[in-house]
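Note that the coordinates shown come from a computational prediction; the quantities given were computed from them, not determined experimentally.
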Amino acid sequence: MSEIPLLLLLLLVIAILLRLDFVYYLVYVLAGSYILARWRTGRNLNQLRIVRRYTDHIFLGETVGVDIEIANTSWWPVPWLRCDETSPHSLATGSGAIRQVIALRPKERTRLHYDLVGRRRGCYELGPALLSTGDLFGFAEAHGRMEQRDYLTVYPRVIPLGQLRLTSRSPLGTIKSQQHIFADPARITGVREYRAGDPLRSVDWKNSARVGQLQVKKHEPAVSLTSLIVLEMNTESFGRQTRVSASEWGIVVAASLANHLVGQRQAVGLACNGLDALTGAACWTISPRPGRVHLMRLLEWLARVQTTETPPLADWLPAATVDLAWGATVIIVAPTGDEAICRASHRLLQRGLNPVLVVIESYYQFGVVRERARRLGFTAQMVADERDLRQWAFAAAGAQRLII
């Protein structure tokens with residue numbers, strides 16, 4: 001307060017002119033309180049330890065509690081401390097903000113709490129918490145902020161595809177092979193006579209009892225291949241009116257396919273020409289790997305990705321798939337199946353890869369795209385909404401049962 005020094009100077013002049021002892025005393029008390037307040041208030045914030053505790057990864061629709069723990073590490077009390085923190089607008093609830101004034105005794109700690117709801121996938125920065133403190137008389141005031149940068153990741157929606165059973169040249173990533181790497185016990189092609197060295201678990205006891213001779217089940221040889229999901233997030237590839245909804249749906253499709261592939265114990269990777277909101281990376285690739293831990297990493301990247309102006313997918317696709325081994329499945333999730341995408345998919349086929357085109361925008365001439373893809377030797381499927389995705393899964397499951 002700039003008026004205090006002037007007031008002290010005025011009182012000092014009055015005390016000197018009038019020779020009043022109590023005015024001198026008043027000047028001493030006010031000056032001492034003012035100096036002490038100015039010296040101590042600026043140090044109160046530096047001696048506060050503030051930690052934000054929360055679960056930093058949640059699924060869509062989950063609620064997470066955020067606790068701000070404030071500890072006074074000094075032997076000097078904090079008369080009052082104001083803490084202001086607002087939550088991201090997309091995650092706010094009725095208690096999704098802190099505006100509270102507290103007092104802290106020496107070595108005391110307290111905890112402030114608010115809740116967030118994962119209504120929309122994304123990577124959100126929490127805070128910063130704005131702090132204000134001062135003395136009891138209002139002589140001094142200090143302001144600061146919590147410098148710790150914390151982020152909350154909301155995973156994208158995942159649609160279970162438990163009935164998705166696709167065969168050769170499919171996103172499942174398991175295709176027939178003439179080389180007997182291992183036998184798939186789920187695919188029985190017939191029986192044969194028992195030979196020395198055949199394992200007993202392969203014996204078909206029912207047929208053996210019927211023919212009076214040991215019979216062994218014949219399994220279809222298979223080889224497990226990797227799969228790479230390639231997601232188109234170039235801004236110019238989407239229609240202006242459907243850019244937000246179509247890109248978000250593409251992320252849901254990619255997340256659902258990745259979840260299904262990992263559930264089938266397949267190695268799956270992710271490539272995208274979008275922008276990572278946290279690192280700023282564009283046109284990135286995650287190498288295929290199996291396991292739930294790897295799946296959570298893929299979902300985290302899908303939670304952070306945003307549309308941006310990058311090279312079109314057809315131009316970037318060769319670079320994204322350059323490290324894939326022969327026979328790997330490449331699932332291309334794109335808003336349209338134009339000629340450039342189809343030509344790029346055909347070039348993948350010529351390299352020995354297994355492209356599958358998934359069109360995520362409703363296209364009234366999709367029959368033309370499907371026929372073009374068929375002539376070029378790969379599969380095209382339109383999945384414009386959840387109903388299309390589930391119908392695709394059921395149709396694929398029916399085809400699998402017919403083959404078996």
Evaluation steps, side-chain contact (heavy atoms from CB on, under 4.5 Å), between Ser247 and Met233: CA-CA 7 Å; Ser247 60; Met233 291 295 283; 4.1 Å; yes

Pairwise side-chain contact, Glu386 with Arg157, heavy-atom cut-off 4.5 Å (strictly under): yes

Thr242/Glu361 under side chain to side chain donor-acceptor pair (under 3.5 Å): CA gap, chis, key distance, verdict: CA-CA 8 Å; Thr242 60; Glu361 279 192 1; 3.0 Å; yes

Residues, nucleotides or ligands: over 12 heavy atoms within 6.0 Å of Glu193 CD: no

Distance in Å, Leu299 CG paired with Arg304 CZ, rounded so as to fall on 0.5 Å steps: 11.5 Å

Any donor-acceptor N/O pair, Arg105 side chain to Pro77 backbone, under 3.5 Å: no

Residues which pass side-chain hydrogen bond (donor to acceptor under 3.5 Å, both in side chains) with Tyr151, listed by chain and number, not counting sequence neighbours: Arg149

side-chain contact (heavy atoms from CB on, under 4.5 Å) between Ile102 and Trp80, worked out: CA-CA 6 Å; Ile102 59 175; Trp80 63 270; over 6 Å; no

Neighbour count above 12 (heavy atom, 6.0 Å) for Arg192 CZ: yes

Backbone N/O of Phe59 and side chain of Glu62: donor-acceptor pair under 3.5 Å: yes

Within 6.0 Å of CD in Gln350, more than 12 heavy atoms from elsewhere: yes

Side-chain donor or acceptor of Asn72 paired with backbone N/O of Trp76 under 3.5 Å: yes

Salt bridge (Lys or Arg N to Asp or Glu O under 4.0 Å) between Asp204 and Lys206, intermediate numbers included: CA-CA 6 Å; Asp204 190 340; Lys206 291 184 179 180; over 6 Å; no

Donor-acceptor contact below 3.5 Å, side chain Lys217 vs main chain Ser202: no

Thr310 side chain vs Asn273 backbone, donor-acceptor pair below 3.5 Å: yes

Test item: Arg370 side-chain N/O and Gln381 main-chain N/O as donor-acceptor pair under 3.5 Å: no

Under 3.5 Å: donor-acceptor pair, side chain of Arg372, backbone of Gly337: yes

CA sep, side-chain torsions, deciding dist, call: Arg210, Asn207, side chain to side chain donor-acceptor pair (under 3.5 Å): CA-CA 5 Å; Arg210 181 173 55 85; Asn207 281 321; 2.9 Å; yes

Chi angles and distances behind the side chain to side chain donor-acceptor pair (under 3.5 Å) call for Asn259, Ser256: CA-CA 5 Å; Asn259 177 69; Ser256 302; over 6 Å; no

Interatomic distance, Ile229 atom CD1 to Thr329 atom OG1 [nearest 0.5 angstrom]: 10.5 Å

Residues, nucleotides or ligands: over 12 heavy atoms within 6.0 Å of Arg243 CZ: yes

Within 6.0 Å of CZ in Arg351, more than 12 heavy atoms from elsewhere: yes

From Asp150 atom CG to Glu125 atom CD, the distance as rounded to the nearest 0.5 Å: 8.5 Å

Worked verdict on Phe378 versus His346 for ring-ring contact (aromatic ring centres under 6.0 Å, His included): CA-CA 7 Å; Phe378 62 92; His346 181 62; 7.6 Å; no

Ring pair (Phe, Tyr, Trp, His ring centres under 6.0 Å) partners of residues 292-312, not counting sequence neighbours, each pair once: Trp284-Trp301

